[in-house]
Number of protein chains: 2
Amino acid sequence: MSSGRGHHHEPAGAWTGHAESALRAAGHRSGGARSSVIAQLAASDCCATAQEVHDAIRASGQRVGLASVYRVLDQLVAVGAVTRVEFGDGVSRFEPAPPDGSHHHHLVCERCGVVRPFESPELERAIHGVGDRERFRVETHEVVLHGRCPDCLPKRA
Amino acid sequence: MSSGRGHHHEPAGAWTGHAESALRAAGHRSGGARSSVIAQLAASDCCATAQEVHDAIRASGQRVGLASVYRVLDQLVAVGAVTRVEFGDGVSRFEPAPPDGSHHHHLVCERCGVVRPFESPELERAIHGVGDRERFRVETHEVVLHGRCPDCLPKRA
DNA sequence: CTGACAATGAGAATCATTCTTATCACAGAG
DNA sequence: CTCTGTGATAAGAATGATTCTCATTGTCAG
């Protein structure tokens with residue numbers, strides 16, 4: 001599963017470049033910790049915790065401070081190149097945000113812990129409608145569905 | 001805003017009784033901390049943090065341990081009498097769950113911090129549809145919209 | 001009324017995250 | 001090319017919410 005080649009329409013390299021130029025545009029300089037974090041995020045196509053990113057970087061032999069991982073992730077979120085996701089377990093997860101502005105939400109299996117992304121134009125439409133009706137300018141939104149994945153459903157027969 | 005009388009269809013007392021019998025049915029005994037927490041939750045018609053519940057109880061002169069507040073809140077969530085809400089700021093909030101199963105979600109203003117509940121059958125329908133399509137048995141779901149409330153929108157003219 | 005066992009409270013322990021601070025590396029001036 | 005200012009970095013301390021521990025208290029069944 002680590003091959004990560006192409007069930008997305010854009011190559012992972014595209015996001016890497018996007019992230020780095022976004023940071024540069026925001027006035028940040030480049031550095032070792034930054035490239036490591038960006039490379040690591042690009043490598044995992046699903047969301048990862050700061051701790052996981054840190055561990056993966058250390059595993060690849062690089063020495064990066066945990067605080068630097070958090071700082072870089074915050075900067076990436078601030079420039080919109082990364083999305084912060086929270087599943088309610090007290091840990092933030094991060095995933096690359098496609099430059100085209102598309103986004104998805106997550107299904108979390110309460111039994112096996114698997115996380116699966118999904119998209120739903122209908123859901124997005126409903127959320128947009130709520131914003132209009134409540135006269136709220138909705139800037140971001142989070143939707144997390146908890147339940148049982150197909151593998152963890154008690155199937156009979 | 002503390003009068004709290006009746007823009008809901010059911011009296012606060014109804015929920016209090018519901019919560020206590022739900023706990024009893026789950027095999028829990030009653031105690032001082034429990035009644036304090038339930039009473040406090042019933043008093044505030046919007047979501048409150050464990051710390052806020054604790055402070056309010058102490059303010060009323062009762063001596064209740066913070067750990068007990070957390071424990072009782074967990075039990076209430078477990079029996080479905082309370083809903084846990086997370087806005088992504090690292091703090092859990094809790095609010096009474098109506099016995100009739102109805103529920104709402106929240107709009108959070110990023111500027112003034114005000115929280116407003118909303119309901120949207122369309123949104124619920126969309127979520128239900130996602131579960132069907134993904135063959136996921138959705139048991140709970142959380143939706144939080146972040147943005148600007150009407151008061152914090154830059155209005156001109 | 002009494003025993004068994006859950007509930008409680010105080011503080012310690014844990015865990016993710018943020019802060020502090022000394023050091024480091026790169027960009028531009030000279 | 002070398003010097004110097006500024007942002008980046010690493011390590012560990014600090015913070016804050018939540019959970020755990022355990023001695024004690026209170027509840028409820030019999």
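Here the structure is a predicted model, which means the values were calculated and not measured. Below, each value reflects all heavy atoms present in this structure, side chains not excepted, and no hydrogens, waters or symmetry copies.
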How many whole angstroms separate atom [atom1] of [X] from atom [atom2] of [N]?
X: B/Leu66; N: C/dA13; atom1: CG; atom2: P; value: 17 Å
X: B/Arg71; N: C/dG9; atom1: CZ; atom2: P; value: 8 Å
X: B/Asp89; N: D/dT15; atom1: CG; atom2: C1'; value: 15 Å
X: A/Arg93; N: C/dT17; atom1: CZ; atom2: C1'; value: 15 Å
X: A/Glu52; N: C/dT17; atom1: CD; atom2: C1'; value: 15 Å
X: A/Asp74; N: C/dA16; atom1: CG; atom2: P; value: 16 Å
X: B/His54; N: C/dG11; atom1: NE2; atom2: P; value: 11 Å
X: B/Glu86; N: D/dG16; atom1: CD; atom2: C1'; value: 15 Å

[N] OP1/OP2 closer than 4.0 Å to side-chain N/O of [X]:
X: B/Ser68; N: C/dA7; result: no
X: B/Ser92; N: D/dA17; result: no
X: A/Tyr70; N: C/dT17; result: yes
X: A/His28; N: D/dA8; result: yes

Using a heavy-atom cut-off of under 4.0 Å over every strand shown, decide if [X] touches base, sugar-phosphate, or nothing.
X: A/Gly27; result: nothing
X: A/Arg63; result: sugar-phosphate
X: A/Arg34; result: sugar-phosphate
X: B/Arg58; result: sugar-phosphate
X: A/Ala67; result: base
X: B/Thr49; result: nothing

Judged by each residue's nearest nucleotide on DNA chain D, which is more toward the 5′ side, B/Gln51 or A/Val64?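 Result: A/Val64.
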Salt bridge or not between B/Arg137 and B/Glu139? Use side-chain N to carboxylate O under 4.0 Å.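 Judged by the 4.0 Å cut-off on N to carboxylate O distance, B/Arg137 and B/Glu139 do form a salt bridge.
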A/Arg84/A/Asp74 ion pair, N-O < 4.0 Å: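 Looking at A/Arg84 and A/Asp74, the cut-off is met.
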I want to verify a distance call: between C/dG9, C/dT17, C/dA7, whose nearest atom is closest to the B/Ala33 side chain?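 Taking heavy atoms from C-beta onward, the closest nucleotide is C/dG9.
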Look at the side chain of B/Val91 and decide which nucleotide, out of D/dA17, C/dT18, C/dG9, has an atom nearest to it.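 The listed nucleotide nearest to B/Val91's side chain is D/dA17.
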Might you point out which heavy atoms bring [X] and [Y] nearest each other, and give the distance in Å?
X: B/Cys47; Y: B/Glu52; value: O-OE1, 4.3 Å
X: A/Arg135; Y: B/Pro150; value: O-CG, 3.1 Å
X: B/Ala81; Y: B/Trp15; value: O-NE1, 2.9 Å

Comparing A/Ser30 and B/Ser30 on DNA chain C - which has the more 5′ nearest nucleotide: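 It is B/Ser30, whose closest nucleotide lies nearer the 5' terminus.
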For the residue pair A/His141 and A/His103, categorise the inter-ring angle as parallel (less than 30°), tilted (30 to 60°) or perpendicular (more than 60°).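 Perpendicular.
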Using only heavy-atom distances, decide whether a donor-acceptor pair under 3.5 angstrom links the side-chain of A/Arg29 to the base of D/dT6.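 Flag set: donor-acceptor pair detected.
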